[in-house]
Enquirer: 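Please find one structure pasted underneath; my questions will follow.
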Amino acid sequence: MKIFVRDVPPRSAWTLEQAGIHPLLAQLYAARGVQSTQELDAALARLLAPSEMLGTGAAARLLADAIAADQKLCIVADYDCDGATACAVGVRGLRLLGAKHVSYIVPDRVVDGYGLTPPISERVKASGADVLITVDNGIASFEGVARARALGLQVLVTDHHLPASRNGQIVLPEAHVIVNPNQPGCSFESKSIAGVGVLFYVLLALRAELRERGQFSAHPEPKLDALLPLVALGTVADVVRLDANNRRLVAQGLKRVRAGLLPVGMASLFVAAGRSAPLATTFDFGFALGPRINAAGRLSDMTLGIECLLTDDTARSDELAKMLDGINRERRTIEGNMRTQAFVIAESLFAEAAAGDNAAPPAICVFNPDFHEGVVGIVASRIKDKLHRPTFVFAASGAPGREHELKGSGRSIAGFHLRDALDLMAKRHPGVLLRFGGHAMAAGCTIAEENFDTFEQALNEVAREWLDDAILLRRIDTDGPLKPEYRRVELVDMLHQEVWGQGFAPPTFSEEVEVLSQRLVGEKHLSLKLKHQGQPVDGIWFGHTEPLPARVKLAFRLDADAWSGVRRVRFLIEAAEL
């Protein structure tokens with residue numbers, strides 16, 4: 001592990017500080033590319049305009065016509081937190097804007113697989129719907145869209161995933177309307193917007209269309225800002241890059257959550273997770289609420305998660321939140337067992353390479369017949385974090401008739417575009433990849449079990465071509481030493497109030513400290529007494545058991561814990577340069 005310090009452009013830091021930004025925040029923002037306070041303005045008026053996203057106007061007209069004709073709308077969701085929040089935003093938003101008949105269907109991860117499939121289109125038609133709306137999926141659902149249209153359904157695809165390509169050309173499903181910032185010809189600047197954000201923009205455009213039609217002349221115009229807590233939750237949980245527009249969406253959602261203006265289901269999830277909504281942070285979205293909703297899609301039925309976000313009955317939301325918390329505990333148990341087995345397999349690949357005087361594999365593929373397909377993505381992420389290699393973890397498909405197929409989930413490192421790698425592998429080895437899709441850092445695929453070795457070889461072949469020693473070096477970027485005057489609880493609270501996440505990393509400091517004492521707590525965490533800038537400070541390294549030398553360079557985040565009613569700063573250790 002190598003610890004690096006981010007460059008801080010002095011002019012940007014000075015400009016921000018002169019504009020009234022706290023000196024510490026000015027340093028942190030400048031190091032993350034912020035050059036002016038305009039980029040930090042989280043006002044709704046600063047959001048990119050809906051008209052800039054290709055397809056929003058046509059989507060608004062389609063939906064406005066459907067509402068005017070009293071047609072039935074059905075949302076086809078996805079089984080992760082982004083898809084669940086997008087579905088909840090769609091149902092709530094469409095009803096706010098006058099739709100009387102709005103339902104939803106969420107695919108089953110095992111039975112249906114990912115995206116809009118022909119059987120799902122048939123279920124939508126059988127429900128009596130006239131309009132099918134996908135959220136967080138559909139951009140590669142060619143057969144499902146075609147089947148829906150053949151059944152007479154109007155199809156609106158809203159998605160944010162990368163479209164498919166054939167023979168080097170981007171291809172799109174033949175939906176009536178597609179809204180996706182990553183489709184050809186779309187000039188919308190925020191290409192990393194989450195699926196829930198895309199649908200929120202469609203609703204903004206729909207409201208504008210209804211306004212043009214005089215829909216609100218007799219009554220007040222509906223306020224869509226009530227949906228922003230859900231938009232913020234889905235955006236953070238999907239780990240999309242927090243560019244300026246995404247940060248505004250998240251900041252607005254957090255503002256409402258802290259003020260108590262959140263759906264009762266989100267409030268119940270805060271309680272179930274032991275977190276405080278008035279003190280909500282992006283960490284709560286990503287590591288407390290998001291995993292509990294995701295657990296339903298991984299192990300049970302995402303309908304539980306969506307219903308929790310849709311209900312306005314507090315007793316019902318409390319009941320659902322407790323169920324989701326229980327499912328998440330089960331998920332953690334399954335994940336722990338799988339992670340142990342997967343690490344043994346992954347580390348054996350390194351041991352075999354070393355024994356044969358070969359280079360360590362540049363990518364990792366792991367399969368065990370006992371793995372649960374709902375948890376493979378989390379386990380892949382854990383292996384990737386520990387071994388710093390693009391990683392795929394496979395499980396046997398549980399879908400009827402597909403018992404000899406493997407479903408894999410991959411996680412990548414900076415510098416290795418996972419979906420592009422799968423695309424190249426599909427060209428080089430036709431027929432091996434039955435289905436695939438995803439992003440740069442996360443992707444999924446389906447292969448025949450007999451082709452696992454071929455897939456592994458193909459992935460390592462691409463990895464050897466694309467990766468070099470600099471990319472494979474495990475590194476952590478930090479904000480350098482922490483001035484002793486910033487080691488205060490009120491500054492910790494100030495940092496926690498800000499919007500941090502993927503692509504806008506939370507503050508992490510680094511410097512050499514003296515280790516005064518260390519001991520294991522809970523058998524898997526290292527509790528530390530450190531001397532920082534001449535002063536004692538507590539530290540904790542979660543999930544780490546190896547002792548540290550007397551002096552060591554650490555990367556750490558700031559936190560505050562309470563003891564006997566007194567709050568004190570402590571360091572959350574992220575890494576050590578040994």
Side-chain angles (χ1 to χ4, degrees), residues 1-2 239 298 331-397 405-419 421-422 425 432-433 436 438 440-447 449-476 524 541-546 574-576 578:
M1 171 64 73
K2 185 72 175 174
V239 203
R298 295 185 187 281
R331 184 272 304 170
R332 285 202 294 256
T333 300
I334 294 172
E335 178 202 335
N337 294 333
M338 278 180 56
R339 188 172 64 239
T340 299
Q341 298 176 61
F343 273 132
V344 170
I345 298 171
E347 289 170 342
S348 70
L349 299 175
F350 281 72
E352 289 172 8
D357 283 333
N358 298 318
I364 295 169
C365 294
V366 174
F367 165 62
N368 185 304
D370 296 328
F371 283 176
H372 192 297
E373 68 175 88
V375 189
V376 288
I378 303 176
V379 175
S381 181
R382 300 289 189 263
I383 296 175
K384 180 267 298 182
D385 289 343
K386 183 175 181 180
L387 300 179
H388 195 63
R389 294 289 192 277
T391 300
F392 264 91
V393 177
F394 286 87
S397 173
E405 291 182 357
L406 303 183
K407 297 179 75 172
S409 187
R411 298 294 183 270
S412 195
I413 60 177
F416 190 83
H417 196 298
L418 209 52
R419 188 199 170 279
L422 291 176
M425 291 161 60
V432 169
L433 284 159
F436 71 91
M441 304 301 287
C445 66
T446 302
I447 63 174
E449 184 173 351
E450 63 186 21
N451 286 328
F452 175 79
D453 289 343
T454 303
F455 178 93
E456 182 178 26
Q457 293 166 10
L459 180 63
N460 273 287
E461 180 183 276
V462 176
R464 276 189 289 270
E465 294 171 7
W466 290 5
L467 298 174
D468 55 30
D469 290 342
I471 297 175
L472 289 174
L473 174 67
R474 291 189 65 199
R475 60 177 288 161
I476 182 169
K524 56 182 179 179
W541 193 344
F542 291 112
H544 184 87
T545 58
E546 297 297 318
E574 294 285 304
L578 301 173

Enquirer: State, yes or no, whether a side-chain contact exists between Phe455 and Leu406 at a heavy-atom distance under 4.5 Å.
Expert: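 Answer no - side chains too far apart.
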Enquirer: How close do Ile364 and Ala346 get, counting heavy atoms only, and between which atoms?
Expert: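 Smallest interatomic distance, heavy atoms only, reads CG2-CB, 3.9 Å.
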Enquirer: Does Leu418 reach the side chain of Phe392, with side-chain heavy atoms less than 4.5 Å apart?
Expert: yes
Enquirer: Any sub-3.5 Å donor-acceptor pair from Arg389's side-chain atoms to Ile383's backbone N or O?
Expert: no
Enquirer: Test side chain to side chain contact (heavy atoms under 4.5 Å, CB included) on Glu405 and Lys407; report intermediate values, then the result.
Expert: CA-CA 7 Å; Glu405 291 182 357; Lys407 297 179 75 172; 5.7 Å; no
Enquirer: Mind checking whether Glu449 and Phe394 have side chains closer than 4.5 Å, heavy atoms only?
Expert: no
Enquirer: Do Ile378 and Arg331 pass the side chain to side chain contact (heavy atoms under 4.5 Å, CB included) test, and can you show the C-alpha distance, the side-chain angles, and the key distance before you say yes or no?
Expert: CA-CA 10 Å; Ile378 303 176; Arg331 184 272 304 170; 3.6 Å; yes
Enquirer: Once side-chain contact (heavy atoms from CB on, under 4.5 Å) is applied, do any residues pair with Ala363, and if so which ones, sequence neighbours excluded?
Expert: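 Applying side-chain contact (heavy atoms from CB on, under 4.5 Å) to Ala363 gives Pro390, Leu459, Asn460, Ala463.
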Enquirer: Any sub-3.5 Å donor-acceptor pair from Arg298's side-chain atoms to Gly374's backbone N or O?
Expert: yes
Enquirer: Return the minimal non-hydrogen interatomic distance between Lys386 and Phe343, and the atom names on each side.
Expert: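 Minimum heavy-atom separation between Lys386 and Phe343: CD-CE2, 3.5 Å.
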Enquirer: With Lys384, which residues qualify under salt bridge (Lys or Arg N to Asp or Glu O under 4.0 Å), at least two apart?
Expert: none
Enquirer: Can you find a heavy atom in the side chain of Val432 that is under 4.5 Å from one in the side chain of Met425?
Expert: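 Of all side-chain heavy-atom pairs linking Met425 with Val432, none is under 4.5 Å.
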Enquirer: Can you tell me how far CZ of Arg411 sits from CZ of Arg382, rounded to the nearest 0.5 angstrom?
Expert: 10.0 Å
Enquirer: Which atom names give the shortest non-hydrogen contact between Leu422 and Gly444, and what distance separates them?
Expert: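 Smallest interatomic distance, heavy atoms only, reads CD1-O, 4.0 Å.
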Enquirer: Taking the side chain as everything from C-beta on, heavy atoms only, tell me whether Phe416 gets closer than 4.5 Å to Leu467.
Expert: yes
Enquirer: Considering non-hydrogen atoms only, spot the tightest contact between Phe436 and Cys445 and give its length.
Expert: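 The answer is CB-CB, 3.8 Å.
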Enquirer: Is the side chain of His544 donor-acceptor paired with the backbone N or O of Glu574 at a distance under 3.5 Å, no angle test?
Expert: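 Answer holds: no.
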Enquirer: Show the nearest heavy-atom pair for residues Glu373 and Ala396, with the distance to one decimal.
Expert: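 The pair with the smallest heavy-atom distance is OE1-O, 3.8 Å.
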Enquirer: Tell me, do Val393 and Asn368 make a side-chain contact under 4.5 Å, heavy atoms counted?
Expert: no
Enquirer: Sequence neighbours excluded, which residues qualify as side-chain contact (heavy atoms from CB on, under 4.5 Å) partners of Ser348?
Expert: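 Once residues adjacent in sequence are excluded, the partners of Ser348 under the side-chain contact (heavy atoms from CB on, under 4.5 Å) criterion are Glu352.
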Enquirer: Would you give the length of the straight line joining atom OG1 of Thr333 to atom CG of Asn337, rounded to the nearest 0.5 angstrom?
Expert: 7.0 Å
Enquirer: In Å and rounded to the nearest 0.5 Å, what is the CZ to OG distance from Arg419 to Ser412?
Expert: 14.0 Å
Enquirer: Hey, does Phe371 have a side-chain heavy atom less than 4.5 Å from the side chain of Val379?
Expert: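 Sidechains of Phe371 and Val379: no contact.
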Enquirer: Please determine which of Arg464, Glu461, Glu465 meets the side-chain contact (heavy atoms from CB on, under 4.5 Å) test together with Pro362.
Expert: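 Checked Arg464, Glu461, Glu465 against Pro362; only one passes side-chain contact (heavy atoms from CB on, under 4.5 Å): Arg464.
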Enquirer: Could you tell me the separation between the CZ atom of Arg475 and the CE atom of Met1, rounded to the nearest 0.5 Å?
Expert: 10.5 Å
Enquirer: How many angstroms lie between atom CG of Asn358 and atom CG of Leu349, to the nearest 0.5 angstrom?
Expert: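 If we round to the nearest 0.5 Å, Asn358:CG and Leu349:CG are 12.0 Å apart.
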Enquirer: Between Val376 and Ser409, which heavy-atom pair has the shortest distance, and what is it?
Expert: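 Heavy atoms only, the tightest pair is CG2-CB, 3.6 Å.
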Enquirer: Could you give me the CA-CA distance, side-chain angles and deciding distance for Leu472 and Ile413, then say whether side chain to side chain contact (heavy atoms under 4.5 Å, CB included) is met?
Expert: CA-CA 8 Å; Leu472 289 174; Ile413 60 177; 4.1 Å; yes
